[in-house]
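Structure first, then comments.
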Amino acid sequence: HLGNETAKAELGRATWTYLHTMMARYPENPTEEQQEALRSFIYLFARLYPCGECAVHFQKHLSKYPPQVSSRNAAAGWACFLHNEVNSMLHKPQFDCSKIGDFYDCGCEGEPDGETE
Ligand code: FAD
């Protein structure tokens, strides 16, 4: 079916930047509550993502690969892997997830981690 592919791609880029930057700031040693917050966020994100076709695809990926929320490394690696799954589906190149460490910068050095009380 016909859609606005430029708008869909723009939304995708903005969203991936947000998602990966959020993971780069997720605590290294999250509390149970913080882990539950990220898990809930991901399921709600998958449900509310504005491109409906993308949301359906993403929910399928999610049921196969549940969110990894035990640490920053686990969460960032999981998001990178899921993005690569979407890349494969769209015939885009794979990203080397071992290089994700410093790639996403929130511009907020000196502040506490992304999760607040
Ligand atoms: P993007 O895939 O948007 O990536 C942006 C940048 O992120 C890349 O240039 C690269 O620097 C970096 N990057 C690439 N791979 C990774 C990775 N694995 N980990 C970390 N960083 C990486 N589009 C559709 O047409 N159909 C869909 O079903 C669909 N589903 C989507 C589901 C979700 C949850 C999201 C967020 C987007 C979805 N999109 C979908 C949009 C699609 O993924 C792209 O965002 C869009 O096509 C633009 O692609 P791009 O080539 O600019 O790079």
Side-chain angles (χ1 to χ4, degrees):
H1 57 87
L2 231 68
N4 186 336
E5 291 298 324
T6 308
K8 195 199 284 183
E10 196 52 53
L11 172 68
R13 278 189 290 275
T15 303
W16 287 124
T17 299
Y18 169 64
L19 206 66
H20 294 304
T21 308
M22 183 173 75
M23 297 313 194
R25 293 287 290 177
Y26 183 66
E28 286 175 18
N29 296 298
T31 63
E32 282 296 325
E33 201 276 336
Q34 288 170 322
Q35 295 183 50
E36 195 41 46
L38 181 58
R39 194 190 333 272
S40 306
F41 172 88
I42 289 163
Y43 283 111
L44 289 171
F45 162 87
R47 185 168 138 195
L48 295 168
Y49 192 70
C51 157
E53 166 210 23
C54 309
V56 168
H57 290 146
F58 198 67
Q59 283 168 30
K60 287 198 181 126
H61 292 308
L62 261 192
S63 61
K64 214 164 147 192
Y65 306 107
Q68 302 292 307
V69 298
S70 61
S71 69
R72 175 182 298 175
N73 261 348
W78 172 85
C80 189
F81 174 81
L82 263 266
H83 190 167
N84 272 337
E85 288 288 297
V86 176
N87 289 341
S88 297
M89 183 184 79
L90 299 175
H91 309 291
K92 287 176 189 286
Q94 297 288 293
F95 186 93
D96 181 354
C97 292
S98 70
K99 298 209 162 63
I100 201 149
D102 302 323
F103 199 80
Y104 289 94
D105 181 1
C106 65
C108 40
E109 281 70 29
E111 291 174 28
D113 282 350
E115 264 276 336
T116 52
E117 256 40 64

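All ligand and atom numbering here is 1-based and tracks the order in the structure. Values in this document were obtained by computation on a predicted structure and should not be read as measured data.
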**Prompt:** Which residues satisfy the side chain to side chain contact (heavy atoms under 4.5 Å, CB included) test with Ser88, sequence neighbours excluded?
**Reply:** Gln94
**Asked** Considering residues at least two apart in sequence or located in another chain, which fulfil the side chain to side chain contact (heavy atoms under 4.5 Å, CB included) criterion with Cys97?
**Response**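 With neighbours one apart ignored, the set is Cys80, Asn84.
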**Prompt:** What pair of heavy atoms forms the shortest contact from His20 to Ala79, and how long is it?
**Reply:**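 Closest approach of His20 to Ala79: CE1-O, 3.6 Å.
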**Complete:** When every non-hydrogen atom of Arg39 is compared with those of Pro67, the smallest separation belongs to CG-CG, 4.3 Å
**Request:** Would you please indicate yes or no on a ring centroid separation below 6.0 angstrom for Phe58 and Tyr49?
**Result:**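 Judged by ring-centre distance (under 6.0 Å), Tyr49 and Phe58 do not meet the cut-off.
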**Set of residues that line ligand 1, where lining means a heavy atom lies under 4.0 Å from it** =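 Around ligand 1, where the cutoff is 4.0 Å for heavy atoms, the contacting residues are Lys8, Ala9, Gly12, Arg13, Thr15, Trp16, His20, Tyr49, Cys54, His57, Phe58, Cys80, His83, Asn84, Val86, Asn87, Met89, Leu90, Lys92, Phe95, Ile100, Phe103, Tyr104.
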**Request:** Quick one: which residue pairs count as a salt bridge (charged side-chain N to carboxylate O under 4.0 Å, His left out) with a foot in residues 76-100, not counting sequence neighbours?
**Result:** Asp96-Lys99
